[in-house]
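The model shown is predicted, which means the values in this text are computed figures rather than measured ones. In what follows, chains are A, B, ... by sequence order, proteins preceding strands, each numbered from 1.
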2 protein chains.
Amino acid sequence: MTDPLRLGIAGLGTVGTGVVKIIRQKANLLAARTGRPIEITAVSARSRDKDRDVSLSGYAWEDDPVALATRDDIDVFVELMGGADGPAKAATEAALAAGKDVITANKAMLAIHGQALAELAEDKGHVIRFEAAVAGGIPVVKALTEGLAGNDVTRVMGVMNGTCNYILTRMEDSGLPYEEVFAEADALGYLEADPTLDVGGIDAGHKLSLLAAIAYGTKVDFDGVDLEGIQRISVEDIETAASMGFRIKLLGVAQMTGRGLEQRMSPCLVPADSPLGQLQGGTNMVVLEGDAVGQIVLRGAGAGEGPTASAVMSDVIEIARGTRLTTFGQPAAGLETAVPAKSSTPAQYYIRMVLADKPGAMAKIATVLGDAGISIDRMRQTRHDDTAAPVVFVTHRTSRDNLDTALAAFPGTGVLLGEAVAIRIEDV
Amino acid sequence: MTDPLRLGIAGLGTVGTGVVKIIRQKANLLAARTGRPIEITAVSARSRDKDRDVSLSGYAWEDDPVALATRDDIDVFVELMGGADGPAKAATEAALAAGKDVITANKAMLAIHGQALAELAEDKGHVIRFEAAVAGGIPVVKALTEGLAGNDVTRVMGVMNGTCNYILTRMEDSGLPYEEVFAEADALGYLEADPTLDVGGIDAGHKLSLLAAIAYGTKVDFDGVDLEGIQRISVEDIETAASMGFRIKLLGVAQMTGRGLEQRMSPCLVPADSPLGQLQGGTNMVVLEGDAVGQIVLRGAGAGEGPTASAVMSDVIEIARGTRLTTFGQPAAGLETAVPAKSSTPAQYYIRMVLADKPGAMAKIATVLGDAGISIDRMRQTRHDDTAAPVVFVTHRTSRDNLDTALAAFPGTGVLLGEAVAIRIEDV
């Protein structure tokens, strides 16, 4: 196999530029590792004239990514444009129809259209690879698809949005409220154009849904992800959790339960001294648990030019070496439709509320909890003035249904000031 | 590709038994993930009658692993016997000569004979895979060979012998001396038959040499590994290091320097709050650093039936899927001979010694350090009685040669009681 592998790259932002740099700078290394030259034939991007810190000389230019994707002189279409629909999807479909393999970093597109695209690819014997779509430079798609393929996967967890972890870490370190730290992150350019993708957990939820499909042999089901962002996390919750030995993370969890596939992306308390709890700043971490292997923890940069380009290149090299894997680790046509089981596994919960300082207030709250079948592991009153008593409960393990029953009943007691905050405590 | 993949498994200890269990219990899952049945045709072990907690019914039995390896009705020879030479090597060579692929967990055999075996395999178009040989269940061979293949690897580090990390952790937790904790570990069955393989760093050195070959495109060079075991680590060093914010780990480091390939397996001080520093007990950790990806940390069980069998199965699945990778990530015939550069990178060092309590003692030691070109970052006297003053230095960054010069000159001062202990501080 000494024919060159010819790439067409659509999208020349941070990641695309990084991929071009690696291919230009490491030609010998890549040829040694794959047994053949890796060449860029043509590229496409929105603006031809932008200064990209890398030469594009020698590459044909296409204004239209669909035209790029269907060129006779490319073997692999590398889709780095982003966006669930629009040009990215049109060009990916065109590439597959034209007999190309596809490499993409596009988590949104695969979370929504991954099943259809995988079937389209596999019908024709083509592959779609997407290491860069999940957790940046961490080779987690390969770890799950290949390294843990002899396991029944029991749980997949991950902190997979660096921006959210940066915001939560910065809130803890600075004591500044969410709104101020969000504005800082925005000024630093850390947020997506639509910041809800980050802070609403959508981006991380896309990634989780892709890992769940591989782990459980089910069709990607992003709609089945129980999503909750970090917008409502307060410094008070972060500090209270810290004083009890926890940190708050936007944590994704996927596990197959007796009632179906549970996928959650939501703020959780984790022990501060666990690997997930120790993860500060923009770094990503994925925890894979299998019945044979036990727990595997993977940690690395979740974004940025080099790490994401490294992941794209791992897919390029895989295809150059002649490895042909199915998109989700088994034939897409045989994947089962997931039965969503939202937050069905029981857990301990952290509940914080402010009580009016009047006799019997605590008794009323305790009664609501008891009536909902929730027993209390720990309780603490964090501060106190003449009119308001902030209290925190850590419950024993209970169901989300029981918790929701209690949360719905609290206002009727007439002793709450404001709303109760409840955050799941994940066993990690 | 719906023909079954037929395995011959030699060695039915902990790992072999684990592999048999997975293949028996997960037939449907494995077929879904590979597109074909995975079957065991024949097995071989020293004792046929041992109770193995798994049925061997339906498998042919071979007393001679060479006979097993060359059977017409196997596609892959799975070598789980161990030992650098002897039956493992003979059977592996026979399997390759007979046209079989080989999967092995045998780090010693590959560290010594890996180059010759890889050339033998690749001459004939066969593959040798060895995920289980390094760091148990952690899919680090795949992460390095595939996930980071677009990187120039800048450093590989690892805590890859769980027994040593258990001993060091237990010494810290209990305050018991090395000899007592060693005896405990022995009684618990944690040690190899020849314990020097563990505590002398040999086993971990084997693993490091395999990762270095993949990382740097060099022939496996176990002889080039600068080996130092944990036998001389004292509770005093562990406690002194801890009081300065460090932990002592048996740490493997491989990096390409201007003078050649540096491979070290030796006790090092690492910051207690780093991922490596936080690794307690028998768990393994490998840190991979690449110019594009930055730092990737992988953590998991380094031994045991399930984790090691999981790694073997990842290779079985790889071959069943039709993936054909070279042994060390590029053709063995093209690997360069490593130029060994033992401990050439400069570092800070921890030096502990006991000084006779007489005037001018400290001045003499300081003069030796200065004459060797070593400057002092921190110094502390840990205790003191009428006749002896234990002191600890942390040097600024210096070369191993300078350090050795100073260590050789200390006795001539006439102020040392006993020997000085020097331990490298690794930047992690």
Side-chain angles (χ1 to χ4, degrees), chain A residues 18-19 21-23 26 29-30 32-35 131 136-143 145-152 217 273 275 278 285 288 290-301 304-307 309-314 316-318 321-326 329-331 334, chain B residues 18-19 21-23 26 29-30 32-35 131 136-143 145-152 217 273 275 278 285 288 290-301 304-307 309-314 316-318 321-326 329-331 334:
Chain A
V19 170
K21 282 184 193 168
I22 290 178
I23 292 172
K26 298 185 196 290
L29 183 73
L30 296 173
R33 288 182 176 162
T34 64
E131 185 63 81
I138 304 174
V140 61
V141 171
K142 293 196 193 331
T145 310
E146 303 175 42
L148 268 66
N151 288 260
D152 280 293
D273 62 357
Q278 290 165 344
M285 180 173 285
L288 305 175
D291 62 344
V293 79
Q295 187 184 74
I296 298 287
V297 179
L298 312 169
R299 172 191 158 124
E305 176 182 310
S310 169
V312 171
M313 288 308 302
S314 75
V316 170
I317 290 164
E318 181 182 303
R321 285 171 167 164
T323 300
R324 311 287 301 168
L325 298 180
T326 51
Q330 49 184 288
Chain B
V19 171
K21 282 183 194 169
I22 290 178
I23 291 172
K26 297 184 197 291
L29 183 73
L30 297 172
R33 287 181 176 163
T34 64
E131 185 63 79
I138 303 175
V140 61
V141 171
K142 293 196 193 330
T145 310
E146 303 174 44
L148 268 66
N151 288 260
D152 280 293
D273 62 358
Q278 290 166 345
M285 182 174 284
L288 306 175
D291 62 344
V293 79
Q295 187 183 74
I296 297 287
V297 179
L298 311 169
R299 171 191 161 125
E305 176 183 309
S310 168
V312 171
M313 288 309 302
S314 75
V316 170
I317 290 163
E318 181 181 304
R321 284 172 167 164
T323 300
R324 314 286 302 168
L325 298 180
T326 52
Q330 49 184 287

Exercise. If you round to the nearest 0.5 Å, how far is CZ of Arg33(A) from CG of Asn151(B)?
Worked result: 7.5 Å

Seminar exercise, completed: Applying a strict 4.5 Å limit to non-hydrogen atoms, the region of Pro139(A) in contact with chain B is side chain

Exercise. Considering only heavy atoms, which portion of Gln278(B) lies under 4.5 Å from any heavy atom of chain A: side chain, backbone, both, or neither?
Worked result: side chain

Exercise. Checking heavy atoms, do the side chain of Ile23(B), its backbone, both or neither come under 4.5 Å from chain A?
Worked result: neither

Problem set entry | Heavy-atom contact with chain B under 4.5 Å, split by part of Gln295(A) | backbone

Exercise. Which atom pair, heavy atoms only, marks the closest approach of Ala292(B) to Ile22(A)?
Worked result: CB-CD1, 3.9 Å

Exercise. Relative to chain B, which segment of Leu30(A) carries a heavy atom at a distance below 4.5 Å: side chain, backbone, both, or neither?
Worked result: side chain

Exercise. How far does CD1 of Ile138(A) sit from CG of Leu148(B), to the nearest 0.5 angstrom?
Worked result: 11.0 Å

Exercise. What part of Ile296(A) lies closer than 4.5 angstrom to a heavy atom of chain B: side chain, backbone, both or neither?
Worked result: both

Problem set entry | chain A interface, residue from Met285(B), Lys142(B), Lys26(B), Met313(B) that has the most non-hydrogen pairs under 4.5 Å | Lys26(B)

For this session: Can you tell which part of Ala32(A) gets under 4.5 Å to a heavy atom of chain B, answering side chain, backbone, both or neither?
Result: both

Exercise. Among Gly294(B), Gly137(B), Gly304(B), Gly300(B), which has the most heavy-atom pairs under 4.5 Å with chain A?
Worked result: Gly137(B)

Problem set entry | Residue, of Gly136(B), Pro307(B), Ala143(B), Ser314(B), that accumulates the most heavy atom pairs under 4.5 Å with chain A | Pro307(B)

Problem set entry | Heavy-atom proximity to chain B below 4.5 Å, by part of Leu298(A) | both

Problem set entry | Side-chain touch Glu146(B)/Leu325(B), heavy atoms, less than 4.5 angstrom | yes

Problem set entry | Separation between CD of Gln330(B) and OG1 of Thr145(B), rounded to the nearest 0.5 Å | 10.5 Å

Exercise. Of the listed residues (Asp152(B), Ile317(B), Leu29(B), Asp273(B)), which shares the most heavy-atom pairs with chain A below a 4.5 Å separation?
Worked result: Asp152(B)

For this session: Could you look at Asp291(B) and say if it's the side chain, the backbone, both or neither that has a heavy atom under 4.5 Å from chain A?
Result: side chain

For this session: Below 4.5 Å from any heavy atom of chain B, which atoms of Thr326(A) appear? Answer side chain, backbone, both or neither.
Result: neither

Exercise. Can you tell me if Glu131(B) uses its side chain to pair, donor with acceptor, with the backbone of Ala311(B) under 3.5 Å?
Worked result: no

